[in-house]
Structure formats: structure tokens, C-alpha cells
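In this chain, numbering begins with 1 at the start of the sequence shown.
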Amino acid sequence: MFVPLRLLFLALNAEKNYTAGDYLDVALSGLKLDIAIAGYLTALPLLLCIVSLFVKIPFKKILLPYNILIAAATALAFIADASLYPFWGFKLDGTFLQYIDSPENAIASVTTGYLFVRFAVFVALTTLIGLTLHRITPEKFAKADKKILSLIVFLFAGGLLFLAIRGGVKESTNNVGQVYYSDDLFLNHSAVNPIFSFIYSLSKIQDYGDTYNFYDEEERSALFDSLYTTDGTISDTLLKSARPNIVTIILEGMGSVFIDELGGKSIAKNFSKLCSEGVLFTNCYANSYRTDRGLVCLLSGYPSFPQISVMKSPVKSQSLPAIASSLSKAGYHNTFLYGGDINFTNMKSYIFSGGYNTLMADTDFPNEAKKHQWGVNDDITFDTLCSIIDRQPKDGNWHVTLLTLSSHEPWTVSHNSVPDDKVANSFAYLDSCLGVFVDKMKKSDAWDNMLVVCLPDHGVAYYPQDADRTDKRRTHIPLLMFGGAIKEPKRIDALCNQTDLAATLLAQLQLPTDEYKFSRNILSPAYKYPFAYHAYNNGIQFIDSTGFSLLDLDSGVALKEEPADPEHSRLNKAKAILQSTYNDYKGR
């Protein structure tokens with residue numbers, strides 16, 4: 001049953017044409033994990049086989065609910081896996097559970113028709129699999145005259161099932177990476193059984209200390225300690241004033257692929273115009289791939305993890321430094337504005353613990369304003385941002401953060417400037433809202449002492465279409481500072497991460513940066529080794545002046561090293577960062 005479902009996953013999610021040989025390879029490569037899950041699911045029927053040797057039982061009736069459960073679970077796993085993969089780019093795993101506590105938000109990216117089709121497929125698959133299992137289940141076993149011999153046979157079968165579940169007799173047990181066989185990451189993912197991937201990830205939730213323990217302490221320290229070595233001094237002052245009022249605009253998913261100045265399409269025309277007026281950081285990369293992870297990277301200068309959402313753990317997230325908290329100590333009043341559900345992924349807890357005094361979200365808007373699946377469209381929230389700024393006192397400093405949402409799946413916006421590309425069109429809409437906001441602000445008294453910081457929470461994980469899932473363009477993001485408080489336009493080409501905003505911005509304001517030990521002041525004379533680090537669900541990426549490397553954590557295989565890095569210098573540094581940040585996380 002798993003093999004045809006796996007091939008259907010490949011057909012539905014393929015971003016290019018694959019040969020019949022590729023389909024055959026996927027079918028064969030994934031068999032080991034299919035057999036392991038089959039072993040799990042056959043354990044109960046085997047137990048009943050043994051019982052039936054001594055007690056007469058209605059075998060088929062007892063297994064009917066079990067068969068229905070197996071059928072439903074298999075259908076659900078396949079549909080969830082095939083449906084989430086285009087959005088997330090990785091196989092079904094425990095990450096799924098982090099978002100189902102708020103189901104209305106979890107399905108906000110899709111339409112009613114999308115859900116209806118998948119529900120219909122779920123019913124059909126459950127019925128087909130359930131009937132098949134029921135049909136092949138015998139009513140009862142014939143009476144066994146040789147019970148001892150039969151018991152031995154069944155126990156031997158149990159041993160075979162154990163070996164199937166374990167993955168053989170070798171020291172290593174079954175794991176996701178065992179079915180990887182290609183340098184094409186998508187083909188590797190297609191070979192993975194989604195039920196195995198889900199169960200395997202759950203077994204690792206509390207075991208990251210061992211999983212990420214790549215080096216002994218001396219070696220880890222030698223690799224890591226030279227990576228984050230900046231201070232609060234600056235070699236270049238970007239601002240006219242050390243105390244500007246600050247607007248941080250977090251542009252949902254805005255990757256560099258939409259910005260002409262960063263090598264992308266000419267979609268964000270207003271943003272492009274602002275690039276010539278402000279300070280553009282041309283080589284900035286996202287640290288993570290989802291909003292809940294990216295916000296922590298951006299606002300706390302704290303790197304993300306492959307399978308941990310720090311925001312989801314208030315005990316941990318409340319211990320982090322945050323830009324708003326640092327600004328609050330300097331006398332700033334902090335306001336956070338979002339048009340969606342602020343309770344999703346524990347965002348509200350994180351925002352308040354991060355130093356924001358005032359919070360405005362979807363419940364503060366009338367119901368008729370919530371026309372997007374995620375909440376209030378960006379034109380309304382940008383207009384609200386203008387009103388918030390207008391109400392700020394003239395005799396004190398303030399900081400307002402806006403998190404946009406319209407440039408998010410399912411890309412439904414009241415805008416049609418790019419009719420042949422709904423993804424690009426939604427970003428053109430976001431850009432138009434930004435343009436209207438800037439035009440309004442330039443006419444206001446607040447503009448002269450205003451610093452606007454624009455950067456996204458993450459890039460778009462499946463755009464552009466000509467890039468595979470390991471293409472670094474998908475993590476390349478814009479970072480732009482503009483406004484009346486900017487001294488002069490400038491381009492800064494140093495490699496950096498969105499986590500570096502905290503130390504870089506606070507240093508410009510002549511505020512302490514010591515708390516931000518994973519954030520680097522890009523404009524510090526001590527910034528000697530520029531690099532960018534990125535973590536996604538089952539891998540880590542590292543870029544420096546020598547090239548780009550990507551490590552798959554499931555298999556331990558370097559999927560990309562461009563150019564070749566025989567000593568794996570880049571990946572060794574990336575692993576040291578992951579181990580060091582996880583050690584820090586455990587200690588919080």
C-alpha cells in the first residue's frame with residue numbers, strides 16, 4: 001500500500017520531469033522503512049494469531065476497528081505529507097503538531113475547495129485501504145492440532161517483525177537517512193515513508209542533546225568561539241541622530257527573488273525605489289523558514305533550530321534578550337501590530353515578554369476588515385500603522401513593529417499587477433501597501449527623525465520555481481534601513497543574517513549589545529569573518545566567502561558543497577553553531 005502512495009506523492013509534488021527509472025528507484029529505496037512500519041502495524045494481528053491457538057476468537061470482528069484505524073491513519077499521513085510538502089519542503093514530522101493547537105490558523109493558508117478535495121481523497125483512501133485489509137483478514141484460523149509447533153512458527157514470525165522494525169541486526173537502527181540514495185533532495189524525500197518520518201521525529205524530540213553533539217567541548221569551542229566576535233563599537237554611523245524613532249516592518253516571506261537590486265524580479269518596485277534612498281544590506285540571509293522561528297531570530301538575535309520552535313516554549317523565550325526590551329531601557333515606548341491571531345504559536349507571550357508595551361492584533365479590528373484567510377489585509381494594517389505613529393507623543397521616543405500577512409499562502413489579495421503569477425502578485429500588493437505608507441510618512445512631521453527597518457521573517461521556501469529546495473536564493477532576504485533619520489544612502493555587501501539586526505541596530509543607537517551573543521554588529525571593526533547560517537527542519541546551511549554548503553541532518557550527508565570543500569570547513573562551523581546554540585537553549 002505504501003509504494004503506490006509514495007509514487008503518487010512523487011508525481012504530485014515533482015517540480016520537474018522525472019524518468020520511469022527515478023520512480024522505480026524511489027519505490028525500491030523506500031522499501032526498508034515501508035517494511036518497518038508494516039512490522040509495527042502487523043504486531044497486533046500477530047499477537048491475536050498466538051492467542052487464537054489457545055482461545056477461539058472472532059478474528060475478523062476484533063480486527064475490524066483496528067483495520068479502520070490503520071486505513072484512516074495511512075490515508076491521513078499521505079494526504080498531510082503530500083499537501084504540506086509544497087509549503088514546507090520537508091516530510092511529515094513532529095513539526096506538524098506545533099501548529100494544530102490553533103486549527104483555524106493552521107488551515108488559513110488554503111481555500112475551502114482545497115480542503116474539500118483532500119477530505120474526499122481521505123474518505124476514498126480510507127475506504128479503499130480499509131476494505132482491502134478487511135477482505136484479507138480471515139474470519140478465524142483453522143484449529144491447530146500442533147499448537148507448540150504453530151507457536152514456534154508465530155514466535156519466529158515475531159522475530160522477523162522485530163528485525164523489520166529495527167532494520168536488521170546491525171548496530172545502527174532504522175532512520176530516515178537510510179533510504180536517501182540521490183543528490184536530488186526531493187527524490188530522497190519521496191522515498192521516505194511519512195508515517196515512519198512522523199514517528200521517528202517524535203522519538204527525537206527530547207534527544208537533541210545527543211543528536212547535535214557533534215564535537216567534544218574543546219573541539220566545539222575551537223570551531224565556534226571565533227565566529228561571533230563583534231562588539232558595540234561602530235566603524236560607520238548610519239544615522240543623523242542617536243535616538244531616532246523606529247518603525248520595524250516585518251515583510252511576510254519577502255525574499256530577494258522579488259527585488260531587482262538583489263538579483264530578483266522587478267516585483268517590489270516601491271522597495272526598489274527605497275533602496276536608492278536608504279542603507280541596503282545586499283547579502284543578508286534568513287536564519288529560518290517559518291514565521292514563529294524567524295521572529296525570534298529577528299527580534300531577539302537568536303538563531304533558529306531544525307526542529308524546535310523557541311516561541312512555543314514561553315519558559316525559554318522569556319529568557320531571551322529582545323530589541324524592544326533594550327529600547328525600553330533607553331526610554332522607548334514599544335508597540336506591536338499584527339492583523340492576524342496573536343495567540344498562534346504562543347506569539348502573544350513572546351511579544352509581551354520581549355518588551356512591547358502595547359499590542360494590537362486581529363481582535364482589535366472589526367470583523368468586516370478580516371478579508372484575508374490569516375486576518376486583516378496589509379492595506380488596513382499599514383493605514384493603522386500610520387494612525388499609531390500619528391498618536392505618538394512628541395516629547396518621547398517610540399518604536400512600532402508591524403508584521404504583515406497578505407503575502408502568505410493562499411496568495412489571495414485585492415491586487416492584479418502580476419496576473420500570471422499569484423505568488424509574485426501578492427508580494428506586489430505588499431509592496432504597494434509599503435509605498436502608500438512611505439508616501440504618507442514623508443508628508444508627516446514624524447519623518448525627519450524616523451528610522452524605518454524593513455526585512456522579512458523568512459524567504460519563500462518554494463519560489464522561484466526554477467530553484468530546487470537547496471537553492472540559497474530561497475533564504476536570501478532584503479534588509480533595508482531608510483527614513484529621515486538616515487544620514488546618506490549606502491550599500492553594505494557584507495554577508496550577514498537577520499539575527500544580526502539586533503546588535504547592528506542597537507550599536508547604531510549606542511546601546512549595549514552584550515546580551516546578544518549570537519548577533520553580530522555588522523559595522524563593527526571586529527566583524528572580520530562574515531558568514532550566514534540557516535537552519536531548516538532537517539538540515540543546516542552555511543555561506544562564507546569560500547562558498548556554500550548544506551548538510552542533511554537525517555542522513556549526515558553534505559547535499560551541497562559549492563565549490564568543493566574537502567575538509568568540510570564550512571559544515572564543521574555550521575555544526576559547531578548548531579551544537580552551541582542548542583547547549584545555550586538547554587541552559588535557559
Side-chain angles (χ1 to χ4, degrees), residues 227-242 244 246-251 254-264 268 270-287 294 297-299 301 303 323 326 431 434 438 450-459 472-473 475-511 513 516 518-534 541-548:
L227 298 177
Y228 292 89
T229 55
T230 63
D231 53 34
T233 61
I234 52 176
S235 58
D236 192 1
T237 302
L238 305 177
L239 307 174
K240 297 176 182 177
S241 160
I246 303 169
V247 178
T248 305
I249 302 176
I250 305 172
L251 304 165
M254 175 69 88
S256 63
V257 292
F258 303 108
I259 300 165
D260 186 40
E261 284 73 12
L262 298 178
N270 290 294
F271 193 97
S272 291
K273 180 182 177 183
L274 292 167
C275 288
S276 63
E277 301 176 10
V279 179
L280 176 65
F281 296 78
T282 61
N283 269 312
C284 185
Y285 286 81
N287 287 86
C297 298
L298 191 159
L299 299 178
I323 293 174
S326 295
D431 180 70
L434 175 63
V438 172
M450 183 186 297
L451 171 65
V452 183
V453 180
C454 279
L455 77 169
D457 47 356
H458 52 78
K472 65 181 180 180
R473 284 182 293 170
T475 61
H476 187 203
I477 60 173
L479 169 54
L480 178 65
M481 299 180 181
F482 63 91
I486 289 292
K487 186 170 61 174
E488 60 182 354
K490 189 182 296 288
R491 285 172 63 100
I492 297 174
D493 297 324
L495 267 169
C496 60
N497 273 130
Q498 65 185 148
T499 46
D500 298 323
L501 173 66
T504 303
L505 174 62
L506 294 174
Q508 287 291 314
L509 303 178
Q510 300 174 25
L511 295 175
T513 62
Y516 301 87
F518 297 105
S519 180
R520 302 162 297 174
N521 174 14
I522 302 166
L523 300 177
S524 165
Y527 190 48
K528 301 294 187 182
Y529 177 51
F531 69 84
Y533 168 81
H534 176 87
Q541 300 176 2
F542 192 88
I543 307 171
D544 66 10
S545 60
T546 70
F548 166 62

Spatial distance of atom CG (Leu506) from atom CG (Asn521) [nearest 0.5 Å]: 9.5 Å

Under a 4.5 Å cut-off applied to non-hydrogen side-chain atoms, are Leu509 and Leu239 in contact? yes

Any heavy-atom pair between the side chains of Val279 and Phe482 that's under 4.5 Å? no

Under 4.5 Å between any side-chain heavy atoms of Ile250 and Leu298, yes or no? yes

Would you say Asn270 and Asp431 are linked by a side-chain donor-acceptor pair, where the criterion is simply a distance under 3.5 Å? yes

Beyond-backbone contact of Val247 with Val453, side-chain heavy atoms, under 4.5 angstrom: no

Answer yes or no: is there a side-chain heavy-atom contact under 4.5 Å between Lys487 and Thr237? yes

As an exercise, state the distance from CD of Glu488 to CG of Leu238, rounded to the nearest 0.5 Å. 9.0 Å

Taking the side chain as every heavy atom from C-beta outward, state whether Leu274 and Leu280 have any pair of such atoms under 4.5 Å apart. no

Positive for side-chain hydrogen bond (donor to acceptor under 3.5 Å, both in side chains) with Asn287, one of Asp500, Thr499, Asp457: Thr499

Assess whether side chain to side chain contact (heavy atoms under 4.5 Å, CB included) is satisfied between Lys472 and Ile543, documenting all intermediate values. CA-CA 9 Å; Lys472 65 181 180 180; Ile543 307 171; 4.0 Å; yes

Any heavy-atom pair between the side chains of Thr229 and Leu227 that's under 4.5 Å? no

Tell me, with the steps shown, if Gln541 and Thr475 meet side chain to side chain contact (heavy atoms under 4.5 Å, CB included). CA-CA 10 Å; Gln541 300 176 2; Thr475 61; 3.7 Å; yes

Side-chain H-bond candidate by donor/acceptor type, Ser524 with Asp231, under 3.5 Å: yes

CD1-CD distance between Ile486 and Glu277, expressed to the nearest 0.5 angstrom: 11.0 Å

Pro478 vs Pro456 side-chain heavy atoms within contact, under 4.5 Å: yes

As an exercise, state the distance from CG of Leu262 to SG of Cys275, rounded to the nearest 0.5 Å. 6.0 Å

For Lys273, does the NZ atom have more than 12 heavy-atom neighbours from other residues, nucleotides or ligands under 6.0 Å away? no

Considering all heavy atoms of both residues, which atom of Phe271 and which atom of Leu251 are nearest to each other, and what is their separation? CE1-CD1, 4.0 Å

Hey, what do you get for CD (Glu261) to OG (Ser256), rounding to the nearest 0.5 Å? 11.5 Å

Side-chain H-bond candidate by donor/acceptor type, Tyr516 with Ser326, under 3.5 Å: yes

Hey, mind stepping through Met481 and Leu501 against side chain to side chain contact (heavy atoms under 4.5 Å, CB included) and telling me if it holds? CA-CA 11 Å; Met481 299 180 181; Leu501 173 66; 3.9 Å; yes

Rounded to the nearest 0.5 Å, how far apart are CG of Leu451 and CD1 of Ile246? 5.5 Å

What are the two closest non-hydrogen atoms of Gln508 and Asp236, and how far apart are they? NE2-O, 2.8 Å

Apply the test side chain to side chain contact (heavy atoms under 4.5 Å, CB included) to residues Ile249 and Val452: give CA-CA distance (whole Å), side-chain angles for both, the deciding distance (0.1 Å), then the verdict. CA-CA 7 Å; Ile249 302 176; Val452 183; 3.9 Å; yes

Ignoring hydrogens and geometry, is there a side-chain-to-backbone donor-acceptor pair from His458 to Gly294 under 3.5 Å? no

What is the minimum heavy-atom distance between Asn497 and Tyr533, and which atoms define it? OD1-N, 2.8 Å

Note: Ala507 and Thr513 closest approach over all heavy atoms is N-CG2, 4.0 Å

Within the 6.0 Å centroid threshold, strictly below: His476 and Tyr285: yes

Search all heavy atoms of Pro530 against all heavy atoms of Asp544 and return the closest pair with its distance. O-CB, 3.9 Å

Quiz item: cation-pi between Arg520 and Phe531, 6.0 Å / 45°: yes

Note: Cys496 and Ile522 closest approach over all heavy atoms is CB-CD1, 3.4 Å

